[in-house]
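The structure appears right after this line, and notes come after that.
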Amino acid sequence: MFHIYCPHCEELREEEEFHPKGQAHIERPKDPEACSDEEWGDYLFFRDNPRGVHHELWVHAVGCRKFFNVTRNTVTYEIYETYKMGERPTVTAESLERLEKQGNVQVAAGGQQTVGASKAAVASVKGEQA
């Protein structure tokens, strides 16, 4: 079971309380009347479906009922971050690639996600000495 952090309630809650609503950061056309049918259709129906890091819109349906964004890996289901509507993500595919090249480690423990954790933090999660 996943535990997802709601940025509005400011706590981890069980995944059953949340519902995904599709791709995040979709900008509505500024002048819909001026759009061609093809442009309007692209806006309404076509979404990215990447393998890897993806930004999604979710709603805390059973809790505060507010919408927020999630940065998630579509392959591993790992949740990197949650953030409120209107905010920009801090984790992107490019930033993760940079972290991996620098040797930083991603650790998942107890349903909580950490990105770019220090070696001491990784060791503490694994029960080792730094």
Side-chain angles (χ1 to χ4, degrees):
M1 172 183 304
F2 283 120
H3 286 95
I4 300 173
Y5 179 80
C6 176
H8 299 286
C9 297
E10 298 183 348
E11 59 187 16
L12 286 168
R13 303 297 288 267
E14 293 181 358
E15 68 179 303
E16 286 84 14
E17 294 188 15
F18 302 91
H19 297 291
K21 294 296 182 182
Q23 183 179 344
H25 308 293
I26 305 272
E27 187 175 334
R28 182 180 174 89
K30 301 221 184 304
D31 186 10
E33 298 295 326
C35 287
S36 68
D37 288 344
E38 184 177 350
E39 291 170 332
W40 189 247
D42 286 347
Y43 164 71
L44 288 177
F45 302 111
F46 291 97
R47 300 292 183 255
D48 293 338
N49 188 17
R51 180 176 172 85
V53 177
H54 188 51
H55 305 287
E56 302 171 334
L57 178 65
W58 286 61
V59 64
H60 192 178
V62 179
C64 63
R65 294 189 238 164
K66 293 183 179 178
F67 286 84
F68 62 95
N69 295 316
V70 172
T71 303
R72 183 177 73 86
N73 187 318
T74 60
V75 176
T76 64
Y77 297 102
E78 182 177 8
I79 295 174
Y80 296 119
E81 68 178 337
T82 60
Y83 52 99
K84 294 179 181 179
M85 300 287 295
E87 295 177 355
R88 300 303 302 172
T90 59
V91 178
T92 62
E94 294 80 21
S95 69
L96 284 178
E97 189 175 309
R98 246 180 289 136
L99 287 173
E100 288 173 6
K101 285 181 182 177
Q102 293 172 355
N104 292 346
V105 181
Q106 298 173 21
V107 179
Q112 298 189 28
Q113 310 294 330
T114 58
V115 176
S118 68
K119 290 181 181 180
V122 172
S124 70
V125 169
K126 291 183 177 180
E128 303 169 356
Q129 291 184 354

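Everything quoted here is computed from the prediction, not taken from an experiment. These numbers come from the heavy atoms of this one structure, side chains and all, not from hydrogens, waters or symmetry mates.
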*State, yes or no, whether a side-chain contact exists between Y80 and L96 at a heavy-atom distance under 4.5 Å.*
yes

*To the nearest 0.5 Å, how far apart are CG in L44 and CD in E39?*
12.0 Å

*When rounded to the nearest 0.5 angstrom, what is the spacing between CZ in F18 and CD1 in I79?*
8.5 Å

*Do L12 and I4 have side-chain heavy atoms sitting under 4.5 Å apart?*
no

_Please check this pair: side chain of Q23 against backbone of D48, looking for a donor-acceptor N/O pair closer than 3.5 Å._
yes

_So does R72 get a backbone contact from the side chain of E56, meaning a donor-acceptor N/O pair under 3.5 Å?_
no

*Minimum heavy-atom distance between P50 and T74, given as atom pair plus value*: O-OG1, 2.8 Å

*Where do A24 and N69 come nearest, in terms of heavy atoms and distance?*
CB-OD1, 3.3 Å

*Should I26 and R47 count as side-chain neighbours, where that means a heavy-atom distance under 4.5 Å?*
yes

*Does the side chain of M85 reach to within under 4.5 Å of the side chain of L57, using non-hydrogen atoms?*
yes

*Find out if a path of hydrophobic residues (ILVMFWY) with successive side-chain heavy-atom gaps under 4.5 Å connects F45 to Y43.*
yes

*Okay, side chain of H8, backbone of F67: is any donor-acceptor separation there less than 3.5 Å?*
yes

*Only one of E17, R65, K66 passes side-chain hydrogen bond (donor to acceptor under 3.5 Å, both in side chains) with H60; say which it is.*
E17

_Ring center gap for F68 and Y5 short of 6.0 angstrom_ = no

*asked:* Can a donor-acceptor pair be found, under 3.5 Å and without considering hydrogens, that links the side chain of T71 to the backbone of H55?
replied: no

